[in-house]
2 protein chains.
Amino acid sequence: MKNLLTDYVAKFITLTSEESEELVKSFNEVKIKKKQFITQPNFTSRHRNFVVKGAFRSYVVDDKGQEHTVQFAIENWWISDFNSFIYQHPATLFIVALEDSTLLQLDYEKEQELKKKSHKFETFFRIIAEKGLAFEHRRIIFNLTHSAEARYENFLLSFPHFVQRVPQYALASYLGMSVEFLSRIRNKKAIRKS
Amino acid sequence: MKNLLTDYVAKFITLTSEESEELVKSFNEVKIKKKQFITQPNFTSRHRNFVVKGAFRSYVVDDKGQEHTVQFAIENWWISDFNSFIYQHPATLFIVALEDSTLLQLDYEKEQELKKKSHKFETFFRIIAEKGLAFEHRRIIFNLTHSAEARYENFLLSFPHFVQRVPQYALASYLGMSVEFLSRIRNKKAIRKS
DNA sequence: GAATAAAATTGACGTAGGTCAAAAAAAATG
DNA sequence: CATTTTTTTTGACCTACGTCAATTTTATTC
């Protein structure tokens, strides 16, 4: 399972096989059953999680008890309560497995060691943070500038592999709309096509 | 003016005075007049911008011609079309000075050299990317979970120094509401207090 | 594979926040 | 400092999307 991570890392930095081995060995493989939580509010998130198999969803529950999806992750994506992880303070998010899954987890302290020890490893974490930031900027801009329907269409085009694997109610709340409204958008589309 | 940057950097990494000098010397000081643009759609953003004096606003214009504010920056903040800068492809945002301002600009190629040359500099850029990502996560979560009025109240509390310096129409669009609606929120509050 | 639970759909109705246009206030400019 | 431009406010009306409740469909479990 660790090959996936090796390949992923190789997209961003060039490592010798020893370096690559060292990095990947720092991760622990864990199996997570569907519906199992890996993060919960008030518990500090201790690892960075790389999905090698399965799917996850992170979400927050507001004062009215409504769930709002913050992120999805499938193979080759990271998922965490990032604020909790980097500042090592209590989480505000739930993260739950949507399928039986396998994660590679990197411990917070272990990550600090890796970054301190190696300039290349530091570069790797800098790059994934920058890419993450650029991604979230695009998301914020798109959300500010588009209607519910356009946001859904855009999600279909941008993340076709996610659509089949995440429940509608989770997708609706990720896109900032009610599950009923998303259902109507989908239905309208289906009618238009027939 | 460069002391501000020196102090800023010192919050995240410990540098010798030579290192500090080298980093800060890599930035160019530029004066920007109010209403002047430093980034425009279709032009690639060539620098990372650190505000030492003044205020800026980045925004996108949608298909209906409406402006949506993406970010504000005052002293000690960075501002850029981050997607344009890190991928060196054409920008989609406008960035304009809200006041007569002074920037420290770091050229893209110069930044790459700095990161390649020094592990510490690499760490610095990693940290600011991670902090930026954590910030945007908090923003996305807050926006998903709160009403227009709550978003305004939160902005007042979180960024009191910005409030006096940014126009209402820009703030309204940053918070994802119309300028008229923001005006009503403010007015309601004022009445409540009297 | 029947029973139960979870997710998605549908209809009726409600509301947060938008739009348009005009007026007032504030800021910029010569 | 009077004029022009930009920004904010106000009122009347509108709509995209939400809520609630009931039903249907799909998944899960024993």
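Scope of the values below: all heavy atoms of this structure, side chains included, with no hydrogens, waters or symmetry mates. In what follows, every chain begins at residue 1, and chains take the letters A, B, ... in the order their sequences are listed.
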Footprint ends on DNA chain D, 5' to 3', for atoms under 4.0 angstrom from a heavy atom of chain B, come out as dT7(D) to dA12(D)
In B/S/- notation, 5' to 3', how is nucleotides 20-30 of chain C contacted by protein heavy atoms closer than 4.0 Å?
B-------S--
If you draw the axis of the six-membered ring of Phe121(B), does the NZ or CZ of Lys115(B) fall within 45° of it and under 6.0 Å from the ring centre?
no
Name all pairs fulfilling the ring pair (Phe, Tyr, Trp, His ring centres under 6.0 Å) condition that reach into residues 137-158 of chain A, sequence neighbours left out, sorted by first residue then second.
Phe142(A)-His146(A), Phe155(A)-Phe159(A), Phe155(A)-Tyr174(A)
Rounded to whole Å, how long is the line connecting atom [atom1] of [X] with atom [atom2] of [N]?
X: Lys188(A); N: dT10(C); atom1: NZ; atom2: C1'; value: 15 Å
X: Glu67(A); N: dA6(C); atom1: CD; atom2: P; value: 13 Å
X: Asn187(A); N: dT10(C); atom1: CG; atom2: C1'; value: 9 Å
X: Tyr169(A); N: dT9(C); atom1: OH; atom2: P; value: 14 Å

Checking all strands, does Phe181(B) fall into the base, sugar-phosphate, or nothing category for heavy-atom contacts under 4.0 angstrom?
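Touches a base.
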Counting only heavy atoms not in Phe135(A), do more than 12 fall under 6.0 Å of its CZ?
yes
Going by the rule side-chain hydrogen bond (donor to acceptor under 3.5 Å, both in side chains), which residues pair with Glu122(A) if we only count those two or more places apart in sequence or in a different chain?
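Counting only residues at least two positions away or on another chain, Glu122(A) forms a side-chain hydrogen bond (donor to acceptor under 3.5 Å, both in side chains) with Thr123(B), Arg126(B).
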Only counting residues at least two apart or in another chain, list the ones meeting side-chain hydrogen bond (donor to acceptor under 3.5 Å, both in side chains) with Gln36(B).
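Per chain and number, Gln36(B) pairs via side-chain hydrogen bond (donor to acceptor under 3.5 Å, both in side chains) with no residue.
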Salt bridge (charged side-chain N to carboxylate O under 4.0 Å, His left out) partners of residues 29-47 of chain A, not counting sequence neighbours, each pair once
Lys33(A)-Asp100(A)
Ring centres of Phe37(B) and Phe94(B) under 6.0 Å apart?
yes
Quick one about Arg48(B) and Ser80(B) (side-chain donor to acceptor, distance below 3.5 Å, no hydrogens or angles considered), yes or no?
no
